[in-house]
There are 2 protein chains.
Amino acid sequence: MLLNTLEPLSAYVDTSSIAPALPRSRCDTCHLRTANFCGALFDGEFAAVRAKHRSTAARRNIYRAGEPSEGVLVVCEGWAVRFVQLPNGKRQVLSVVLPGDLVSPTGLLERQFSFSIQAVTDVRSCFLPFAEVRARMRDNPALFDIWLRLTAAEQRDADKRLVDLDQRAAQERIAALIVHVLTRFEERGEVHNDEFPFPMSQQQIADFTGLTPVHTCRVLSSLRKHSICDVGHGMVKIADRRELQRMAAIK
Amino acid sequence: MLLNTLEPLSAYVDTSSIAPALPRSRCDTCHLRTANFCGALFDGEFAAVRAKHRSTAARRNIYRAGEPSEGVLVVCEGWAVRFVQLPNGKRQVLSVVLPGDLVSPTGLLERQFSFSIQAVTDVRSCFLPFAEVRARMRDNPALFDIWLRLTAAEQRDADKRLVDLDQRAAQERIAALIVHVLTRFEERGEVHNDEFPFPMSQQQIADFTGLTPVHTCRVLSSLRKHSICDVGHGMVKIADRRELQRMAAIK
DNA sequence: CGGTACATTGAGAAATTTCAAAGTTGGTGG
DNA sequence: CCACCAACTTTGAAATTTCTCAATGTACCG
């Protein structure tokens, strides 16, 4: 469907060989394994899993639209974005993928996708083989339920995002992104001193919000100037949470 | 979640009693039954179905966000829109529902939704009881497959729509909507003389595309002036299909 | 130390919104 | 059958948001 016709060739190269120095790890040592889909999928028997792990350097593609997919993708460590590359060179980021996220619940049994996945930071990811997932879904109704819930949540998110992009001003869209990530990090207890990781570049924020990088920069400057929050250098520091949440709230 | 806090109270009233004069019909006489989800669901045994049909007058709500849902909604006749009503009075139309469409495949087992459904024309709809659908899904793997495919398609559509709204100018968004409907009517052989039904008001088109009604009007005028297509009076007449499709194409 | 990617700033242009008013249409009751 | 009403459509002018182009500044990596 949509192909990444204008991406530099380098993005197509298999990056396994030039992977960053992440610890070689497996599902049975994953510290997220009790909290996510993997946890339900393997139900304790992590040692038995033959999932294929891969490391990808920041800014490289983990999956490219149209390629045959090796299995269900889970991002174990690092941030990624799910995006489509338009023929005219623009990009639309569809969603941000945080550690532990199943990339596309709805696409569970699809063998190829119309979107690509790019690593934002260095990423360690995991392809759960289709056959394994399907077999376990058949045997395990609870797992099926979890998957149903993830699927419904994904669709709700897509609807929410549509409203976001269509009805809201630049500042509100960016605030909504920051609050979305803030919320997710807070659930995991990973926010300290109102500060948390935020490795997306302004270009990536722009591709997510549908703004130009220039305008994104102006909005971020304005947020900084008004002492609401400071985005940069891979982190966000929240200064006025009340105001930020007011901006992010749907009106 | 999102409630329709600003809708006039009249929209909340049960409309069954003031329903329009549509023929009272049932699934076993539905002329769409071989082509859609219902067809697969009942697999010929239409007489046995105890689905609850309802008629709704144009511009009234079929379902309102947050209400307990009676079952899976299928629109049998007429057009509807799936939308969210924002607290500030704006509306976002998430998708257009044409005759025979299952409203939200992904929400198959959800008991309530965060969106509402409004009838565009007079509508006859059908709530398939959850229990019935679930039972038949269990017994019938082929049905389950169809449902999987519908779900994946819904998510793909949502992604496509995100790109549409975020990356494209007013004219292109409107062209894309017209071509989308054109394509669906053409599949059913319901386009004659480059003309087909299009009962959405400019306000509804605006809510779908995220534009103001005023700007929507200007764009439609411009399409008319340039002899590309003429939208109005419940119909579209295509004058320059090549150009319209060029405008609707993703660049 | 140099390069490349990333961030910032300015000024002018373009698309879209807002506000306001006037025209049209279709349906309803008299 | 007409008159009226309400909802929908059209048009104009000014304001606002966001984009584009272009130049300069900054940080990190090898």
Side-chain angles (χ1 to χ4, degrees), chain A residues 7-8 10-11 18 20-21 57-60 88-91 118-122 164-175 198-225 230-236 247 251, chain B residues 7-8 10-11 18 20-21 57-60 86 88-92 118-122 164-175 198-225 230-236 247 251:
Chain A
E7 281 178 71
S10 62
I18 55 165
R59 310 289 139 126
R60 301 221 155 225
N88 67 3
K90 291 187 177 174
R91 268 176 19 144
Q118 185 188 45
V120 172
T121 62
D122 291 343
D164 253 39
L165 292 182
D166 221 18
Q167 303 281 353
R168 315 187 65 204
Q171 221 185 22
E172 301 169 325
R173 295 186 205 176
I174 290 181
F198 197 88
M200 289 172 78
S201 70
Q202 291 185 357
Q203 177 70 62
Q204 288 166 332
I205 298 172
D207 290 341
F208 182 84
T209 52
L211 304 169
T212 52
V214 173
H215 197 59
T216 301
C217 175
R218 289 193 221 277
V219 170
L220 292 178
S221 300
S222 146
L223 289 175
R224 212 170 289 133
K225 201 178 68 188
D230 187 345
V231 178
H233 305 282
M235 300 288 291
V236 179
M247 283 175 28
K251 289 188 238 9
Chain B
E7 282 181 67
S10 63
I18 56 166
R59 310 290 140 126
R60 302 222 152 222
L86 306 180
N88 67 2
K90 291 186 177 177
R91 269 174 20 143
Q92 174 68 48
Q118 185 188 45
V120 172
T121 63
D122 292 342
D164 253 40
L165 292 182
D166 223 17
Q167 303 281 354
R168 317 186 64 203
Q171 222 184 22
E172 300 170 324
R173 296 186 205 177
I174 290 181
F198 198 87
M200 289 173 79
S201 70
Q202 291 185 358
Q203 176 70 63
Q204 287 165 333
I205 298 171
D207 291 341
F208 182 84
T209 52
L211 305 168
T212 52
V214 173
H215 197 59
T216 301
C217 175
R218 290 193 221 278
V219 170
L220 292 178
S221 299
S222 146
L223 289 176
R224 213 171 287 133
K225 200 176 69 187
D230 186 345
V231 178
H233 307 281
M235 301 288 290
V236 178
M247 285 176 25
K251 290 189 244 359

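Just so it is clear: chains get the letters A, B, ... in the order the sequence lines come, proteins before strands, and each one is counted from 1.
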Quiz item: Just how far is it from atom CZ of B:Arg218 to atom CD of B:Gln171, taken to the nearest 0.5 Å?
Solution: 14.0 Å
Quiz item: If each of B:Cys217 and A:Val214 is mapped to the nucleotide of DNA chain D with the nearest heavy atom, which maps nearer the 5' terminus, i.e. the 5' end?
Solution: B:Cys217
Quiz item: C:dT18 phosphate, OP1 or OP2: any side-chain N/O from B:Thr212 under 4.0 angstrom?
Solution: no
Exercise. Mind checking B:Gly210 for me? I need base, sugar-phosphate or nothing, with any heavy atom below 4.0 Å counting as a touch.
Key: sugar-phosphate
Self-check item: Rounded distance in Å - NE2 (B:His215) to P (D:dT16)
Solution: 18 Å
Quiz item: Does D:dC8 have OP1 or OP2 sitting under 4.0 Å from an N or O in the side chain of B:Arg59?
Solution: yes
Quiz item: Given atom CG of B:Asp166 and atom P of C:dT16, what is their separation to the nearest angstrom?
Solution: 13 Å
Quiz item: Can you check the A:Gln203 CD to C:dA7 P distance for me, whole Å?
Solution: 9 Å
Quiz item: So what does B:Arg224 hit on the nucleic acid, given a heavy-atom distance under 4.0 Å: a base, only sugar-phosphate, or nothing?
Solution: sugar-phosphate
Quiz item: Got a second to check how far B:Ile205's CD1 is from B:Phe198's CZ, nearest 0.5 Å?
Solution: 4.5 Å
Exercise. Please report, rounded to the nearest Å, how far the P atom of C:dA5 is from the CD1 atom of A:Ile205.
Key: 19 Å
Exercise. Take atom CG of B:Leu165 and atom C1' of C:dT16, then tell me their distance rounded to the nearest Å.
Key: 15 Å
Quiz item: B:Leu220 has an atom CG; how far is it from atom P of D:dC8, in whole Å?
Solution: 15 Å
Self-check item: Atom pair distance, as rounded to whole Å: NE2 in A:His233 and C1' in D:dC28
Solution: 11 Å
Quiz item: How long is the line joining CZ of B:Arg173 and C1' of C:dT16, in whole Å?
Solution: 10 Å
Quiz item: Out of A:Arg91, A:Arg60, A:Arg59, which residue meets the side chain to side chain donor-acceptor pair (under 3.5 Å) rule with A:Gln118?
Solution: A:Arg91
Quiz item: When all nucleic acid strands are considered with a 4.0 Å heavy-atom cut-off, which category describes B:Leu211: base, sugar-phosphate, or nothing?
Solution: sugar-phosphate
Self-check item: Spacing of CD belonging to A:Gln203 relative to OG1 belonging to A:Thr212, to within rounding of 0.5 Å
Solution: 9.5 Å
Quiz item: Which atom names give the shortest non-hydrogen contact between A:Arg168 and A:Arg173, and what distance separates them?
Solution: O-NE, 2.9 Å
Quiz item: Hey, which of these two, B:Ser201 or B:Arg218, hits DNA chain D nearer its 5' end, going by closest nucleotide?
Solution: B:Ser201
Practice problem: Compare side-chain N and O positions of A:Gln202 against OP1 and OP2 of C:dT8 and report whether any pair is under 4.0 Å apart. | Solution: yes
